[in-house]
> 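Sharing a structure below in structure tokens format, with a few things to ask.
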Amino acid sequence: QVQLVESGGGLVQPGGSLRLSCAASGNIFSIYTMGWYRQAPGKQRELVAATTSGGTTNYADSVKGRFTISRDNAENTVYLQMNSLKPEDTAVYYCNAKPALFRWGQGTQVTVSS
């Protein structure tokens, strides 16, 4: 069973940046398309970015041009670089496969506020 541990969240002012990390246990990480999801209070969880095992990426329109997803298969880690953050990016951020196959981790809180 793959376990996922997200980190890197925090409080940041509008226009700021954060880099999230997701460490996955197990040695089968590299074969999966991995994604970053987020869930804001009162809203459904949504996929914001994904990367295939070969590194092809895609993004939700709301984050395109501001967020960058990347992965290090040797380290079983996927990253999300978030720039030009907006208050509407406030949410708990999670990683998982796309589609979500693994048990959800605890997530990491991102709060964008002045």
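All values derive from a computational prediction rather than experimental measurement. Values below: every heavy atom of this structure, side chains too, minus hydrogens, waters and symmetry copies.
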> Between Ser62 (side chain) and Ala60 (backbone), is there a donor-acceptor pair under 3.5 Å?
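The answer is no, because no donor-acceptor pair under 3.5 Å joins these two groups.
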> Taking Gly9's backbone N and O only, do any of them form a donor-acceptor pair with Thr108's side chain (distance below 3.5 Å, no angle check)?
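Pair found, side chain donor or acceptor close to backbone of Gly9.
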> Got a sec, which residues hit side chain to side chain contact (heavy atoms under 4.5 Å, CB included) with Arg19, two or more places apart in sequence or on another chain?
Tyr79, Gln81
> Please list all pairs meeting disulfide bond (SG atoms under 2.5 Å apart) that have one or both residues in residues 49-86, counting only residues at least two apart or in different chains.
none
> If we ignore angles and hydrogens, is there a donor and acceptor under 3.5 Å between the side chains of Ser17 and Asn83?
yes
> Using side chain to side chain contact (heavy atoms under 4.5 Å, CB included) as the criterion, list what pairs up with Ser84, not counting sequence neighbours.
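By the side chain to side chain contact (heavy atoms under 4.5 Å, CB included) rule, Ser84 matches Arg66.
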> Please identify which of these residues, Asn96, Asn73, Leu20, Ile69, meets the side chain to side chain contact (heavy atoms under 4.5 Å, CB included) condition with Val78.
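Testing each of Asn96, Asn73, Leu20, Ile69 against Val78, the sole residue satisfying side chain to side chain contact (heavy atoms under 4.5 Å, CB included) is Ile69.
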> Kindly write out the residues that satisfy side chain to side chain contact (heavy atoms under 4.5 Å, CB included) with Val112, not counting sequence neighbours, or none if the list is empty.
Val12, Pro14, Leu85, Pro87, Asp89, Thr90, Val110
> Only counting residues at least two apart or in another chain, list the ones meeting side chain to side chain contact (heavy atoms under 4.5 Å, CB included) with Val92.
Tyr94, Gln109
> Determine, stepwise, if the pair Tyr93 / Arg38 fulfils side chain to side chain donor-acceptor pair (under 3.5 Å).
CA-CA 4 Å; Tyr93 284 71; Arg38 68 185 181 188; 3.0 Å; yes
> Who are the side-chain hydrogen bond (donor to acceptor under 3.5 Å, both in side chains) partners of Lys64, not counting sequence neighbours?
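In terms of side-chain hydrogen bond (donor to acceptor under 3.5 Å, both in side chains), with neighbours along the sequence ignored, Lys64 is linked to Asp61.
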> With the 4.5 Å side-chain cut-off for hydrophobic clustering, are Val48 and Tyr37 part of the same group?
no
